[in-house]
Amino acid sequence: MGNMMYQPMMISSIIKHAKNHHGSTEIVSQRTEGDVHRYTYGDCELRARKIAQALNRFQLKTSDRIATLAWNGYRHLELYYGISGNGMVCHTINPRLFEDQISYIIHHADDQCIFFDITFLALVEKLYPHCPNVKHWVCMVDKNKMPESSVLPIFCYEDLIDKEDGNFDWPIFDENTASALCYTSGTTGNPKGALYSHRSTLLHTYASALPDSLNISAMDTIMPVVPMFHVNAWGTPYSCAMAGSKIVFPGANLDGASLYALIESEQVTMSAGVPTIWAGLLQYVLKNQLRFSSFKRTVIGGSACPPAMMENFANLGVKVIHAWGMTELSPLGTVASLKANDLKKNQENQKLILQKQGRSLFGIDMKIVDDVGQTLINDGKAFGNLMVKGSWVISDYFSSDQSPLLDGWFPTGDVATIDTDGCMQITDRTKDVIKSGGEWISSIEIENIASAHPDILICACISTPHPKWDERPILVAVKKPEVTKKEDDLKADLLAFLTGKIAKWWMPDDVLFIEVMPLTATGKLLKVKLREMLKDYSLKS
């Protein structure tokens, strides 16, 4: 055995490091109160200790689940560290889910306390009668804006902070202790919980900050647009503090105008979010012929980033970092980046590499298998079910008796290819794959190309039954608001736009137009709902 100190990996060590070495670095938040709040990592660490004291005063114990219903902001960040650092479990709840889903999640997690932003007061009042096990409800707002409720007793967050002196030492415990709990979006059945540990979170944080990963440093000003209730904002509240980056939290206003104003005023260099959010920002910037003065790169994940979006960002001087992951992976699994040999290739081939989901981070192994579990070759052509394992991949779902693992591997539910350089590309979700005449058609590739059409706001490719080929693809699209073209003409334009860019037998058999595209609570295409909307549709021939 080596003669080295043993230091358990604690989430509290991240915020302690930020206080000690980046104590004066700013954390800026657009608040629900309407103003912009500024303080430092030093301030954050002190208030996180006070929150830990307040939780002890509530007589909560180790591993109790403490929930949040909150936007991205400094108070939410304090809870990340104050809860987990005290040995309890920080359970971030997605407020965009349906009320019955939120109620189910609160029951399933057995949450003991819920911290919420004032914007969710009406939601909390509806949840309260159905959540008898929750002992404490805390509103995260200034004292002078504290609301009154006739439905439930609520504490004021700032009152809790003011009652404590901060004289608190972060406890040391087993690094495998649970730290945070995130639930899947529940598009197929009830949401399932992924319970992370301090060790898995620290390893994920190290990996996410690496140069060929998200490349986070103390020179960055980072704005996590991906919500802190969406897989812990992809780990950025931890990686930013570890690196000492300035953080800018956008709060609830995620429209293009608000994001652009905050990026410019705070000189944001990097951000992270899902494609639907960036579509709104790009539309605003391009429509108003604006440029970015500091914004240099953004991480896009959650669903595949259309190549047209990457091109639009590149024209504005912003590099897109294409990433893939899942709630069950904490979430990062792969990031697209170039190797030294790739620099010898022409620009078009480099673009094709960066449009893939990328290579696995150190700590994640992956493979593709056929329908009977046989491993397929990595030649960039074979399609298979994507399997992963690693140091921050779940082994079981929270409070579930049945492990999802197959021979030690986690089945992601994605269909993918892996090339000889280990670069992975998602071609579909298993439940969304289109099999026509026994051959696979990539709905994602069709969507990526079609979404580049100048008249299309968003589109989705789904399958429809066919008497000869079993299934055929159809394209469902939403027009941009200003488009006045007749639907038959736009349909012909769109099919012509696809011609030559995909195989002939991949060509959609029809194009349908709808007013609003159904999306999940995290901004992904909700194809289950789309298929339900079109259940009575049949091809004309």
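Across all non-hydrogen atoms, the minimal contact from M517 to I458 is CB-CG2, 3.7 Å. The two atoms that bring I353 and C423 nearest to each other are O-SG, 4.2 Å, heavy atoms only. The nearest pair of heavy atoms linking A450 to L494 is O-CD1, 4.0 Å. Closest non-hydrogen pair, A323 versus V299, comes out as CB-CG1, 4.0 Å. In plain terms, the two heavy atoms of Q101 and P191 that are nearest each other are NE2-CG, 4.5 Å. Listed here is the closest heavy atom pair of M366 and V388: CB-CG1, 3.8 Å.
By the 6.0 Å contact criterion, CG on D35 is enclosed, its count of non-hydrogen atoms from other residues, nucleotides or ligands being greater than 12. At most 12 heavy atoms of other shown residues, nucleotides or ligands fall within 6.0 angstrom of atom CD in Q347. Other residues, nucleotides and ligands contribute more than 12 heavy atoms inside 6.0 Å of the OH atom of Y39. Counting non-hydrogen atoms of neighbouring residues, nucleotides and ligands closer than 6.0 angstrom, the NZ atom of K529 reaches no more than 12 such neighbours. Around the CZ atom of F292, the shell of radius 6.0 Å holds more than 12 heavy atoms that belong to other residues, nucleotides or ligands. The environment of NZ in K319 is sparse: at most 12 heavy-atom neighbours from other residues, nucleotides or ligands sit within 6.0 Å.
Between the side chains of E264 and S293, a donor-acceptor pair is found at a separation under 3.5 Å. Under the 3.5 Å distance criterion, with hydrogens and angles disregarded, a donor-acceptor pair is assigned to the side chains of D510 and Y537. With 3.5 Å as the limit, one finds a donor-acceptor pair spanning the side chains of W71 and T119.
Side-chain atoms of H22 never come within 3.5 Å of backbone atoms of Y41 as a donor-acceptor pair (strictly under, hydrogens ignored). Under a 3.5 Å cut-off, the side chain of T221 and the backbone N or O of V268 do not form any donor-acceptor pair. With hydrogens and angles disregarded, no donor-acceptor distance shorter than 3.5 Å links the side chain of S84 to the backbone of I11. Between the H322 side chain and the A304 main chain, no donor and acceptor come within less than 3.5 Å of each other. Using a distance-only test at 3.5 Å, with no hydrogens or angles considered, no donor-acceptor pair links the side chain of R531 to the main chain of T464. Panel note: side chain S29, backbone G73; no donor-acceptor pair is recorded below 3.5 Å. Side-chain atoms of T430 come within 3.5 Å of backbone atoms of G413 as a donor-acceptor pair (strictly under, hydrogens ignored). Here the side chain of T427 pairs a donor or acceptor atom with the backbone of V415 at under 3.5 angstrom. Within the 3.5 Å criterion, the main-chain N or O of D428 finds no donor-acceptor partner in the side chain of D432. Side chain of Q350 to backbone of D342: a donor-acceptor contact under 3.5 angstrom is found.
Residue I456 holds its CD1 atom at 9.5 Å from OG of S451, rounded to the nearest 0.5 Å. In this structure, OG1 in T334 is found 8.5 Å from CG in L386, a value given to the nearest 0.5 Å. Note that CG of L195 and CD1 of I394 are 9.5 Å apart. Values are rounded to the nearest 0.5 Å. Between the CD1 atom of I444 and the OG atom of S303 there is a distance of 8.5 Å, given to the nearest 0.5 Å. For the atom pair H453 NE2 and K479 NZ, the distance stands at 12.0 Å (nearest 0.5 Å). In this structure, L332 CG and L361 CG are separated by 6.0 Å, a value rounded to the nearest 0.5 Å.
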Working for side-chain contact (heavy atoms from CB on, under 4.5 Å), residues W278 and S271: CA-CA 10 Å; W278 297 130; S271 189; 3.2 Å; yes

Chi angles and distances behind the salt bridge (charged side-chain N to carboxylate O under 4.0 Å, His left out) call for E447, K527: CA-CA 12 Å; E447 289 161 3; K527 292 188 177 180; 2.7 Å; yes

Check against side-chain contact (heavy atoms from CB on, under 4.5 Å), D220 and N215: CA-CA 9 Å; D220 279 312; N215 192 18; over 6 Å; no

Audit row: K381, T417, side-chain contact (heavy atoms from CB on, under 4.5 Å) steps and yes/no: CA-CA 6 Å; K381 298 175 182 177; T417 64; over 6 Å; no

CA sep, side-chain torsions, deciding dist, call: L262, N253, side-chain contact (heavy atoms from CB on, under 4.5 Å): CA-CA 10 Å; L262 203 54; N253 299 322; over 6 Å; no

E311 and K351: CA distance, side-chain angles, deciding distance, salt bridge (charged side-chain N to carboxylate O under 4.0 Å, His left out) verdict: CA-CA 9 Å; E311 194 74 26; K351 284 181 182 178; 3.2 Å; yes

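Applying the salt bridge (charged side-chain N to carboxylate O under 4.0 Å, His left out) test to residues at least two apart or on different chains, the pairs with a partner in residues 411-420 are K356-D419, D414-R429.
Using a 4.5 Å heavy-atom threshold, the side chains of M326 and P331 count as separate. Between V478 and V516 the shortest side-chain heavy-atom distance does not fall below 4.5 Å. Looking at P411 and N385, their side chains never come closer than 4.5 Å, going by heavy atoms from C-beta outward. For the pair M223/V28, no side-chain contact is recorded, criterion being any heavy-atom separation below 4.5 Å from C-beta on. Between N94 and P227 there is no side-chain heavy-atom pair separated by less than 4.5 Å. Side-chain contact between L338 and L354: present, with at least one pair of heavy atoms (C-beta onward) separated by less than 4.5 Å. Between N72 and M228, some side-chain heavy-atom pair lies under the 4.5 Å cut-off. The shortest distance between side-chain heavy atoms of F313 and F295 falls below 4.5 Å.
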Please report, to 0.1 Å, the donor-acceptor pairs under 3.5 Å made by any side chain of residues 237-248, with sequence neighbours excluded.
residue	atom	partner	partner atom	Å
S239	OG	G235	O	3.2
S245	OG	S217	O	2.7
K246	NZ	E266	OE1	3.0

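Legend: residues meeting salt bridge (charged side-chain N to carboxylate O under 4.0 Å, His left out) with E99, ordered by chain and number and at least two apart, are K126.
Exactly one residue among L181, T68, L127, L69 makes a side-chain contact (heavy atoms from CB on, under 4.5 Å) with I93. That residue is L69. The one candidate from R472, E471, K435 that meets the side-chain contact (heavy atoms from CB on, under 4.5 Å) condition with I441 is R472.
Checked against the 6.0 Å centroid criterion, the rings of H76 and F115 do not qualify as a close aromatic pair.
Between H91 and Y183, the two ring planes are tilted [angle within 30° to 60°].
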